[in-house]
2 protein chains.
Amino acid sequence: MTALARRLDTPDRLEPADDTILAALPHIRRELEPGQYLVRDQGHPKYCCFLLSGFTIRHKFVGDGARQIVAINLPGDFVDLQHVLLETADHNVEALTACSVALIDAAALVDGAFASPAIGKALWRHSLVEASIFREWMANIGRRDGRARTAHLLCEVGVRRETAGLGARAQFELPMTQEQLGDALGLTAVHVNRSLRGLEAEGLIARTRRSVTVLDWNGLAAAADFDPAYLHHR
Amino acid sequence: MTALARRLDTPDRLEPADDTILAALPHIRRELEPGQYLVRDQGHPKYCCFLLSGFTIRHKFVGDGARQIVAINLPGDFVDLQHVLLETADHNVEALTACSVALIDAAALVDGAFASPAIGKALWRHSLVEASIFREWMANIGRRDGRARTAHLLCEVGVRRETAGLGARAQFELPMTQEQLGDALGLTAVHVNRSLRGLEAEGLIARTRRSVTVLDWNGLAAAADFDPAYLHHR
DNA sequence: CGATAAGTTGAGAGTACTCAACCACGGTGG
DNA sequence: CCACCGTGGTTGAGTACTCTCAACTTATCG
């Protein structure tokens, strides 16, 4: 679980004793295929999933069958930290790509959090940063038009990938279909397509099937009304 | 701070020692007038606000000046629990009505959380439930039409008020203008007006200027696609 | 009782959706 | 090796939901 220790080492430095606690957490490794569900809405997971590699999405369905993707998770993210203290899942977690995950015993993780304030603060803080991203997504979906929404998601993924050490923010793989992008943005796949092509026509981005190159980061950020403060990075 | 102890007494029971810790938290009481700001975006609050009476809203502005209300807080809610561990505010907090609040020293609250796991779990859980509400709002804004969105907000406020002991879910004051409702729902005030009048015409609700009576709870919940599971009540 | 904020209504515009057809890429099997 | 097939991407046309703007009404407050 060195990946876990590395992820929790900010903002407060972990002590060697903390590393010991983390290393001793009961967990199992699992490999997931694209499309595989990790958590089902209304389920009662007893573990907490830490994403080692790959992308996951979290989504919920509304009455008419439409879907809202509420989060995209990158390596180094806890995918369902809420299940350490909430008994019943309120949404689904699904592997977007092939993934490696560590399933950590939820009760043990809570014990670890209260055995070491540094661990506890890092985990709690993780929950809080995630909530901040949710708030920005609400503003994005509720108050920006299709073009800005789409651009905002590209900016966020670029920055978060960069922060996670997965490469430059201006060039990355985005392993989502336009249908999935639409579900994340509150748009239809058709409208996502037109938004992406619009950004491309403006010279802000270039695309191949699943990779995005930002040609003009400042221009894209302006189109997106993107300010990374909500990510609460250091 | 008996209100605080009462709020944190679930899901785990607090011990007398916990009550002692809570009672000793350094805090100041403050009375707020409608419209007064408690926290400003990009500010660095050193306290954490517990709402004793009144309503607050939390909102953020996007580039073109539009506003998204990301949360409505009721008495017994922590209004800005994220500031115990995040240094910089990512949104504004504003009093919707006259409010009484307790401003608790953030560092002391964190210390209390790690001095007593029961307190720490209750606070962390509070953050997680809030995040669940954010997710539902994302789905609401992104994937439901104006009528359903509006109905959903009414259902949520009704249930949360009831749970907070403020009265029956079917009859309550909603001290928000249609402009504010629109900012919470990602709609314009005009469209909120039409949605509310539509729900009224269907016989689901009755309204006076600021109070709502639900005439047909099941009908309204069906129109809203409302399932209270995301509130994670006991 | 006037002033102001909020609510209501109508008409026209625009963004985003729906439906449907067509295209492009990747994978598979003959 | 290449044709076929399926998923996903692209495009156009028509529709519909929501917005904008503006006027008018109603409530509240000094």
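Throughout, a chain's letter reflects where its sequence line sits, starting with A, and its residues are numbered from 1.
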Tell me: CD of B:Glu179 to P of D:dC19, nearest whole Å?
-> 12 Å

N/O (side chain, B:Gln178) to phosphate O (OP1/OP2, C:dT8) under 4.0 Å = yes

Does B:Asn193 put a side-chain nitrogen or oxygen below 4.0 Å from OP1 or OP2 of C:dT8?
-> yes

Please determine if a side-chain N or O atom of B:Arg207 lies less than 4.0 Å away from the OP1 or OP2 oxygen of C:dT8.
-> yes

Tested for side-chain contact (heavy atoms from CB on, under 4.5 Å) against B:Val62, the lone hit among A:Arg144, A:Glu136, A:His152 is A:Arg144

Side chain to side chain contact (heavy atoms under 4.5 Å, CB included) evaluation trace for A:Val192 with A:Glu179 = CA-CA 8 Å; A:Val192 169; A:Glu179 176 101 42; over 6 Å; no

Nearest-Å distance for atom pair CZ/C1', residues B:Arg197 and D:dT26 | 11 Å

Which whole-number value in Å describes the distance from B:Arg143 CZ to D:dT18 P?
-> 13 Å

5′-ward residue of the pair B:Gly146/B:Arg209 relative to DNA chain D | B:Gly146

Heavy atoms under 4.0 Å, any strand shown: does A:Gly182 hit a base, just sugar-phosphate, or nothing?
-> nothing

Checking D:dT10, D:dA22, C:dG7 against the side chain of B:Val190 (C-beta onward), the nearest is D:dA22

Between CZ of A:Arg194 and C1' of C:dG14 the distance, given in whole Å, is 14 Å

Would you indicate, yes or no, if D:dG9 has its OP1 or OP2 atom less than 4.0 angstrom from a side-chain nitrogen or oxygen of A:Arg210?
-> yes

Salt-bridge contact A:Asp77-A:Arg160 (side-chain N to carboxylate O under 4.0 Å) | yes

Nearest-Å distance for atom pair CG/P, residues B:Leu181 and D:dT18 = 16 Å

Whole angstrom is fine here: how far is it from CG in A:Leu187 over to P in D:dC17?
-> 17 Å

NE2 of A:His126 to CG of A:Leu8: how many Å apart, nearest 0.5 Å?
-> 8.0 Å

Using a strict 4.0 Å threshold on nitrogen-to-oxygen distance, state whether A:Arg209 and A:Glu173 make a salt bridge.
-> no

Nucleotide D:dT20, atom P - distance to NE2 of B:His191 in whole Å | 12 Å

Go through D:dT18, C:dT15, C:dC17 for me and flag the one nearest to the A:Thr188 side chain.
-> C:dC17

Which whole-number value in Å describes the distance from B:Asp183 CG to D:dC19 P?
-> 11 Å

